[in-house]
Amino acid sequence: PTEDYENLRRRVYSNTKELWYYINHELSKVLYDDNKVEKIKAILDQVAERKRSLLSDQEKLPELDGYHEWRQLEAANVSDLVQRRLHHLQNPSDCRDARKLICNLNKGCGFGCQLHHIVYCLIFAYATERTLILNSKGWRYNNKGWDYVFHPISDSCTTAYDDKVLQWPVAYDAKVVSLPFIDSISQKPKFLPLAIPKDLAHRIVRFNGDPASWWIGQMLKYILKPRASLQKAINETVAKMNFKTPIVGVHIRRTDKVGTEAAFHHIHEYMTHVKDYYDQLELTRKVDVRRVYLATDDANVLEDARKKFPEYEFLGDPSIAKTAATHRRYTPLSLTGLLVDLHMLSMCDYIVCTFSSQVGRVAYEMMQTNRVDASNAFFSLDDIYYFGGQNAHDRVAVLPHTAGAQQEISLQVGDLIGIAGNHWNGYGRGTNKRTNANGLVPWYKTADHLVLYPFPEYKEVPM
Ligand code: GDP
């Protein structure tokens, strides 16, 4: 490790103590203060400042520890390996003879949801060593099919010929299998998200803080390759925008989602986190313009945001939002705009969104493919990251806890907690699988429990 690294590490340690000295002293004093409200507000501002400084310092650690380039190289290598394995799986030497998995792209839902449907099918194909055949004629985003907008997911094997099609579940040697939607699959296989391949896990965790979404991102990377005409349309729209870093992406999902699948969130809620991002960034560099890329399906948000936050520069295309907002949402017309939004969001330094929306989650998954580690490059106003239809998401207790305040549950080190969500107040809700108790868990006493599944290792593809 470098000298800079050691110094910074000691600084973080020391400043963590300083934070406590400060809070302990000020809050003890405030107990006896007549002007409590004002005093507490001032203390909160000071604590926020100290927190930003601590986080800012810690973000620099991986750049200074001497492994920065190693991580970049390793991330590129593991991604390349996964892409080559997928290419190998999707292009068998004898297509007629190959075992296959059929997925129908006829799910009645938005584009994010459809992408995730294909991701699910591709993970299934990878886990069961079957070539994925995508049936997409009559697809709502292009009647002629997926291959008219995107490059096909196979160059050489796109039909199951006239072979008999069996419904999953089937025996290993069944030749052609058709897959139901993830929501209706009986006996969910253990290889479904958030599981990651065991043979790659110990490489991925050394450069990425959220391997499950990294793995899902790799599937997207393989699938999502726009054809020339679509790519041209995307490039032209992007070229018109003054896209420059630093920039924060904001995704605001409204219209049909609000009140049915998610709560309404005011623009101020998103902007609080944008401000926090820039306040922290300004500790290490000068920021001339606070840029925000705004993606939304609500035609009024962009104008509203510009009016309410004149100190920010908002990028975004009002016509994209308008198209998304109208009845044309799930049509070919809306596809280019959505791909522009997804591309732009994924290129931002940081995104503020709601993970209840598949658009927000796809943007994050794409970020995971265009940098070494995007696991700290987002804030979700509602859900923690998940994959629709996933197997249980557990956290594991790394510190013991004795239930104190109402609603807390007790933990022993090693307990698995099925997680419902993080309340972003220091606590999350979950069920201790050992005791069956459900309640609040101090998040810092738990860590994400990675599920490693023995996927096939594709030894025929060179490392
Ligand atoms: P979810 O409903 O938000 O979970 O995500 P889906 O992708 O399944 O469906 C939402 C649909 O609304 C998308 O596919 C888009 O057509 C549209 N939409 C939502 N947010 C945006 C946005 O920020 N930009 C654009 N262009 N379209 C959006």
Side-chain angles (χ1 to χ4, degrees), residues 105-120 139-142 146 149-150 181-183 213 216 220 223-224 226 230 233-234 236-238 240-241 243 247-265 267 270 292-305 314-348 351-367 378 380-390:
L105 200 48
N106 60 354
K107 210 171 175 180
C109 57
F111 186 70
C113 162
Q114 309 218 347
L115 277 181
H116 282 138
H117 177 50
I118 309 177
V119 165
Y120 147 73
W139 184 41
R140 67 198 302 181
Y141 283 97
N142 188 308
W146 172 268
V149 200
F150 298 97
F181 296 145
I182 195 168
D183 330 74
S213 64
I216 289 159
L220 280 180
I223 296 164
L224 208 51
L230 176 62
I234 296 172
E236 280 168 6
T237 315
V238 170
K240 277 186 244 150
M241 297 179 189
F243 190 90
I247 187 161
V248 176
V250 171
H251 176 236
I252 303 188
R253 178 75 166 95
R254 295 255 171 90
T255 61
D256 61 316
K257 190 91 171 179
V258 173
T260 54
E261 292 177 355
F264 178 91
H265 293 279
I267 178 84
Y270 296 87
V292 174
Y293 183 84
L294 187 67
T296 178
D297 61 337
D298 182 337
N300 304 315
V301 171
L302 196 56
E303 207 187 302
D304 186 44
F314 287 92
L315 282 72
D317 185 338
S319 72
I320 293 180
K322 220 160 272 162
T323 308
T326 63
H327 60 284
R328 290 172 296 171
R329 171 178 302 140
Y330 302 133
T331 66
L333 266 179
S334 63
L335 192 58
T336 311
L338 179 56
L339 284 165
V340 168
D341 279 343
L342 283 171
H343 174 76
M344 301 299 265
L345 287 172
S346 77
M347 296 304 290
C348 290
I351 51 175
V352 182
C353 61
T354 46
F355 272 168
S356 57
S357 167
Q358 314 226 30
V359 174
R361 298 203 306 278
V362 168
Y364 168 56
E365 289 152 5
M366 288 168 72
M367 282 175 112
F378 71 87
S380 164
L381 295 183
D382 53 17
D383 299 335
I384 54 172
Y385 178 78
Y386 70 97
F387 187 89
Q390 72 187 20

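We count ligands from 1, going down the list as the structure has it; atoms in each ligand are counted the same way.
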Which ligand 1 atoms are under 4.0 Å away from a heavy-atom of Y141?
14 (O), 16 (O)

Counting N and O atoms only, with roles assigned by atom type, does the side chain of T296 sit under 3.5 Å from a partner on the main chain of D298, one being a donor and the other an acceptor?
yes

Return yes or no for this condition: an N or O of G112 is under 3.5 Å from an N or O of ligand 1.
yes

Closest by any non-hydrogen atom to atom 20 (N) of ligand 1: pick that one out of R361, H117, H251.
H251

Who gets closest to atom 27 (N) of ligand 1 by heavy atom: A363, G337, A324, G360?
A324

When you look for heavy atoms under 4.0 Å from ligand 1, do you find them on the side chain of F355, its backbone, both, or neither?
neither

Heavy atoms only: which of G110, G388, A295, G316 is nearest to atom 9 (O) of ligand 1?
G110

Answer yes or no for R361 and Y386: cation-pi contact, defined as NZ/CZ to six-membered ring centre under 6.0 Å and angle to ring axis within 45°.
yes

Within-cut-off N or O pair, T296 and ligand 1, under 3.5 Å:
yes

Students often mix this up, so state it plainly: with edges at 30° and 60°, are the rings of H265 and Y270 parallel, tilted or perpendicular?
perpendicular

Any nitrogen or oxygen of S334 lying under 3.5 Å from a nitrogen or oxygen in ligand 1? Just yes or no.
no

is_close_aromatic(F355, F378), centroid dist under 6.0 Å
yes

Contacts of A363 meeting side-chain contact (heavy atoms from CB on, under 4.5 Å) (sequence neighbours excluded), chain-then-number -> L342, L345, I351

Is any NZ, NE, NH1 or NH2 atom of the basic residue among R253 and D382 found under 4.0 Å from an Asp or Glu carboxylate oxygen of the other?
no

Check ligand 1 against I320 and write out every atom of the ligand that is under 4.0 Å from a heavy-atom position of the residue.
26 (N)

For atom 19 (C) of ligand 1, which candidate among Q114, M344, R253, K322 provides the closest heavy atom?
R253

With under 30° as parallel and over 60° as perpendicular, where do the rings of W139 and F150 fit, or are they tilted in between?
tilted

Looking only at distances, please establish whether an N/O atom of ligand 1 is found under 3.5 Å from an N/O atom of F111.
yes

Check this for me: does any side-chain nitrogen of one of D297 and R254 sit under 4.0 Å from a carboxylate oxygen of the other?
no

